[in-house]
Amino acid sequence: MTNNTQVQYSSTKVTAIAGNSSDESRALAFTIAEAAEDRKGGNIVLLQVSEVSYLADYFVIITGFSNAQVRAITQAIAHKVEIEWQRMPVRIEGQGEGTWVLMDYGDAIVHILMPHEREFYNLEAFWGHAERIHFSAALRG
């Protein structure tokens, strides 16, 4: 959401604050991808969905190969984003099952899926009209 506006409420007034730029959203998505890579997340894909959806600027899709790894990737992302961006996810869903965890950072939404869930839900195809960024290739360029 490149031109989004966050609203801060106080007891006496409402003030608008400029939202994240697309460059900041992209950098956040790369921080998320790096944390996932540190925990051996597989097939990391970034989808720039800002042109096709109001939900977020980026989706980061990651494969975890066990329930424990999915949870470890989730924790690594939360830790790295908190340290580097001073941000916590707005919401985390699916940690109990550990087969598909969704982390919502507002301008970046993270999907960490087991291989069966990733193949079944095929988010890359569903959001196929979004720009697809392969994480490893993106680091080289």
Side-chain angles (χ1 to χ4, degrees), residues 1-11 13-141:
M1 312 198 171
T2 55
N3 293 321
N4 68 339
T5 302
Q6 295 177 341
V7 178
Q8 273 188 343
Y9 294 92
S10 70
S11 59
K13 64 180 180 176
V14 177
T15 56
I17 299 174
N20 287 337
S21 74
S22 61
D23 289 343
E24 289 173 342
S25 297
R26 185 178 178 95
L28 173 62
F30 274 89
T31 299
I32 291 165
E34 290 166 0
E37 186 177 58
D38 289 347
R39 290 289 180 248
K40 309 296 186 217
N43 193 17
I44 300 169
V45 174
L46 288 76
L47 297 177
Q48 184 177 0
V49 297
S50 59
E51 299 297 319
V52 296
S53 174
Y54 66 89
L55 295 173
D57 289 339
Y58 287 89
F59 284 177
V60 182
I61 305 171
I62 305 149
T63 299
F65 299 98
S66 70
N67 301 89
Q69 185 187 23
V70 168
R71 290 185 195 102
I73 293 168
T74 302
Q75 292 171 353
I77 291 168
H79 180 73
K80 188 171 182 88
V81 172
E82 183 179 4
I83 297 298
E84 293 186 15
W85 291 85
Q86 295 75 50
R87 290 178 63 177
M88 300 293 289
V90 175
R91 169 169 279 140
I92 300 178
E93 298 289 338
Q95 282 186 295
E97 300 81 20
T99 58
W100 180 357
V101 174
L102 182 137
M103 304 175 77
D104 184 354
Y105 281 98
D107 45 346
I109 297 177
V110 185
H111 301 272
I112 310 161
L113 301 100
M114 294 278 289
H116 177 264
E117 284 72 15
R118 185 157 182 179
E119 182 179 342
F120 182 81
Y121 291 103
N122 200 1
L123 297 175
E124 292 94 332
F126 185 79
W127 293 98
H129 47 294
E131 180 184 352
R132 184 179 176 137
I133 302 165
H134 292 277
F135 176 64
S136 59
L139 280 180
R140 286 186 245 121

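If you're wondering where the values come from, they're calculated on a predicted model, not measured in any experiment.
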Is the closest side-chain heavy-atom distance between [X] and [Y] below 4.5 Å?
X: V45; Y: R132; result: yes
X: I62; Y: I73; result: yes
X: I44; Y: I61; result: no
X: P89; Y: D104; result: no
X: I77; Y: V110; result: yes
X: S50; Y: Y58; result: no
X: L28; Y: V81; result: yes
X: L46; Y: F30; result: yes

Counting neighbours of CZ on R71 that are heavy atoms of other residues, nucleotides or ligands and sit closer than 6.0 Å, is the number greater than 12? yes
First locate atom CD1 of I112, then atom CZ of R39, and finally report the distance between them rounded to the nearest 0.5 Å. 12.0 Å
d(F120 CZ, T99 OG1) to nearest 0.5 Å is 12.0 Å
Taking every heavy atom of L47 against every heavy atom of E124, the minimum-distance pair comes out as CD1-CA, 4.3 Å
Is the distance between the ring centroids of Y105 and W85 under 6.0 Å? no
Give the ring-plane orientation class for Y121 versus W100, where under 30° counts as parallel, over 60° as perpendicular and anything between as tilted. tilted
Check whether any side-chain N or O of Q95 sits under 3.5 Å from a backbone N or O of V101 as a donor-acceptor pair, and report yes or no. no
Sorted by chain and residue number, the salt bridge (Lys or Arg N to Asp or Glu O under 4.0 Å) partners of E131 (sequence neighbours excluded) come out as none
Electrostatic pair R26-D107, nearest N-O below 4.0 angstrom: no
